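Residues take their numbers from the sequence shown, with the count starting at 1. Bear in mind the structure is a predicted one, so any value in this text is a computation, not a measurement.
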Amino acid sequence: MKKDYGFVLITGLLLIYVIVRTFTVDITHDEAYSFKVMKHFWHVEALCTANTHWLNSLAIKVAILLHFESNWQIRWLSTLSATVFFVVVFLWVRKLDNLPLKTFAFALTLLNPFVLDYFGLARGYASGLMLEAMALLLFFVGVNKRTHTVAFIALLCAALSVIANYSFVYFFAGFIVIHFYHYYFKNGFVSLKQKGFYIDVLVCVAVLLFTIRAWFFIIKCSNDIGAGTTSITEGCMSFIEGLLYSKLSFSTLIAKVISCLMILFVIIICIYGIIRQHQSQVYFYSSVVLSVALVGIIINYFCFKTLIPYARSALFLFP
């Protein structure tokens with residue numbers, strides 16, 4: 001633990017920074033609209049807009065019912081989410097032995113200004129990121145401890161991340177693949193006789209049907225389908241624009257080329273991780289999750305003309 005004191009200190013300072021932002025940053029348009037919908041609740045308006053991130057909206061409603069309506073008070077769930085996310089990331093990072101790799105992983109995950117911004121706002125991205133991180137952590141704990149109870153909680157966290165923000169459905173799709181592969185199909189189909197299998201299927205189907213129904217309702221009602229882009233290259237740019245806070249000091253063409261090369265590099269890394277699955281379970285399962293998410297994005301784009309996640313809607317890709 002001694003050698004990790006520096007990471008503990010930086011993690012603590014970052015958390016303080018996020019908390020200070022909840023007090024000092026003025027309310028944004030999206031937050032104000034969510035507050036208005038919950039303050040004067042009308043179910044049609046709540047259902048009709050992608051702005052309604054359900055867990056965040058419920059958190060705002062709880063604050064309103066308790067007469068806590070200042071900016072930092074309606075952001076309480078995001079503050080809690082930041083705390084949990086930072087702890088989970090620290091637990092990931094401290095397991096790495098190589099200091100340069102540990103520093104790189106820490107910087108990539110926590111020193112991301114775009115991610116830090118959304119942990120200071122009352123939006124569903126914060127709780128979505130927290131639940132995604134918890135799902136991954138608990139999945140690997142379940143794998144090591146060989147306990148299905150922890151695995152089921154991990155599945156619930158992944159499912160709730162979609163309820164927190166619909167864009168996390170791509171992560172959820174990837175998580176479903178590794179969850180059912182490891183616990184039910186890895187050693188044949190004997191596990192299909194277990195009651196737990198059908199409970200897990202029910203959870204997944206319920207969340208996916210809820211999400212699809214919500215999408216169709218929003219499209220029909222307001223066509224407010226959230227943030228995204230029709231450009232593949234712009235979608236790729238989310239990887240570096242988030243890290244650089246959209247302050248690219250080079251031309252857009254160069255930025256697009258670098259972004260596309262980075263995506264290609266990530267895909268190669270994923271393919272290698274899947275092929276060499278015997279070397280590391282963490283590497284293998286993480287590669288599967290990210291690969292399924294990226295394939296899902298591509299299929300939705302070409303088959304259903306769905307917008308490619310971009311900027312804040314691509315935040316689920318970073319963990």
Side-chain angles (χ1 to χ4, degrees), residues 34 43 46-59 61 77 81 84-85 88 123-140 142 148-185 191-192 194-221 224-228 285-286 288-297 299-300 303-304 306-307 309 312-317 319:
S34 293
H43 69 279
L47 291 170
C48 241
T49 172
N51 181 277
T52 302
H53 301 164
W54 285 103
L55 295 186
N56 176 68
S57 296
L58 289 173
K61 189 64 176 179
L77 181 59
S81 298
V84 174
F85 183 82
V88 172
R123 306 298 296 138
Y125 304 102
S127 52
L129 284 167
M130 180 265 290
L131 288 163
E132 177 180 358
M134 283 296 298
L136 291 170
L137 176 67
L138 291 173
F139 173 80
F140 289 115
H148 189 267
T149 301
V150 176
F152 182 70
I153 297 173
L155 182 64
L156 286 180
C157 286
L160 285 172
S161 73
V162 184
I163 308 301
N165 186 277
Y166 295 143
S167 64
F168 283 77
V169 72
Y170 293 111
F171 160 72
F172 185 48
F175 190 88
I176 288 173
V177 171
I178 63 171
H179 176 84
F180 282 93
Y181 168 76
H182 182 81
Y183 289 102
Y184 298 111
F185 300 128
S191 298
L192 297 183
Q194 298 177 9
K195 181 175 68 175
F197 171 78
Y198 298 98
I199 295 174
D200 291 356
V201 169
L202 182 63
V203 170
C204 295
V205 171
V207 170
L208 292 175
L209 287 178
F210 172 83
T211 305
I212 294 170
R213 182 68 185 90
W215 276 346
F216 278 116
F217 190 88
I218 292 170
I219 292 171
K220 182 179 179 180
C221 179
D224 175 23
I225 52 178
Y285 287 126
S286 300
V288 172
V289 172
L290 185 53
S291 296
V292 172
L294 293 175
V295 169
I297 291 170
I299 291 174
N300 272 345
C303 296
F304 304 105
T306 305
L307 294 177
R312 66 182 184 271
S313 63
L315 285 174
F316 72 91
L317 289 168

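- Ring centroids of Tyr184 and Phe180 are separated by less than 6.0 Å, placing the two rings close together.
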**OP:** Could you give me the CA-CA distance, side-chain angles and deciding distance for Phe171 and Phe316, then say whether ring-ring contact (aromatic ring centres under 6.0 Å, His included) is met?
**Re:** CA-CA 7 Å; Phe171 160 72; Phe316 72 91; 7.9 Å; no

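- If you check the side chains of Ser34 and Asn51, you find a donor sitting under 3.5 Å from an acceptor.
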**OP:** Please assess Ser161 against Leu55 for the test side-chain contact (heavy atoms from CB on, under 4.5 Å), listing each intermediate value before the final yes or no.
**Re:** CA-CA 9 Å; Ser161 73; Leu55 295 186; over 6 Å; no

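- At distances below 3.5 Å, at least one donor-acceptor pair connects side-chain atoms of Ser127 with backbone N or O atoms of Gly124.
- With rounding to the nearest 0.5 angstrom, the OH atom of Tyr285 is 5.0 Å from the NE2 atom of His182.
- Side chains of Ile176 and Leu208 form a contact here, defined as non-hydrogen atoms less than 4.5 Å apart.
- When all heavy atoms are compared, the tightest approach of Ser81 to Ala126 is CB-O, 3.5 Å.
- Note that the OG atom of Ser286 and the CD1 atom of Ile178 stand 7.0 Å from one another [nearest 0.5 Å].
- You'll find the side chain of Asn56 stays beyond 4.5 Å of the side chain of Asn165, heavy atoms only.
- Here CG of Leu317 is found 8.0 Å from CD of Glu132. Values are rounded to the nearest 0.5 Å.
- Nearest heavy atoms, Leu129 versus Phe85: O-CD1, 3.5 Å.
- Proximity of Tyr198 to Leu202: side-chain heavy atoms (C-beta onward) are nowhere separated by under 4.5 Å.
- Atom SG of Cys204 is separated from atom CD1 of Ile199 by 12.0 Å, given to the nearest 0.5 angstrom.
- Between His148 and Phe152, the two ring planes are parallel [angle under 30°; tilted spans 30° to 60°].
- The two atoms that bring Leu131 and Cys157 nearest to each other are CB-O, 3.4 Å, heavy atoms only.
- At a threshold of 4.5 Å between non-hydrogen side-chain atoms, the residues Ser167 and Leu315 do not count as touching.
- Between His53 and Tyr166, the distance separating the two ring centers is not shorter than 6.0 angstrom.
- Note that the OG1 atom of Thr52 and the CG atom of Leu58 stand 10.0 Å from one another [nearest 0.5 Å].
- No side-chain heavy atom of Tyr170 sits under 4.5 Å from any side-chain heavy atom of Leu294.
- Across every non-hydrogen atom of Ala159 and Val207, the tightest pair is CB-CG2, 3.6 Å.
- Residues Val289 and Val177 are not in side-chain contact: their nearest non-hydrogen atoms beyond the backbone lie 4.5 Å or more apart.
- In plain terms, the two heavy atoms of Ala154 and Leu138 that are nearest each other are CB-CB, 3.6 Å.
- When side chains are defined from C-beta on, Trp215 counts as touching Val169, because their heavy atoms get closer than 4.5 Å.
- Using cut-offs of 30° and 60° for the angle between ring planes, the His179 and Phe175 rings count as parallel.
- Looking only at atom types and distance, the side chain of Asp200 has no donor-acceptor partner in the side chain of Tyr183 under 3.5 Å away.
- Heavy atoms only, all atoms of each residue included: Ile218 and Cys48 are closest at CG2-O, 3.9 Å.
- Inter-residue side-chain proximity for Leu155 and Phe172 is flagged as met; some heavy-atom pair is nearer than 4.5 Å.
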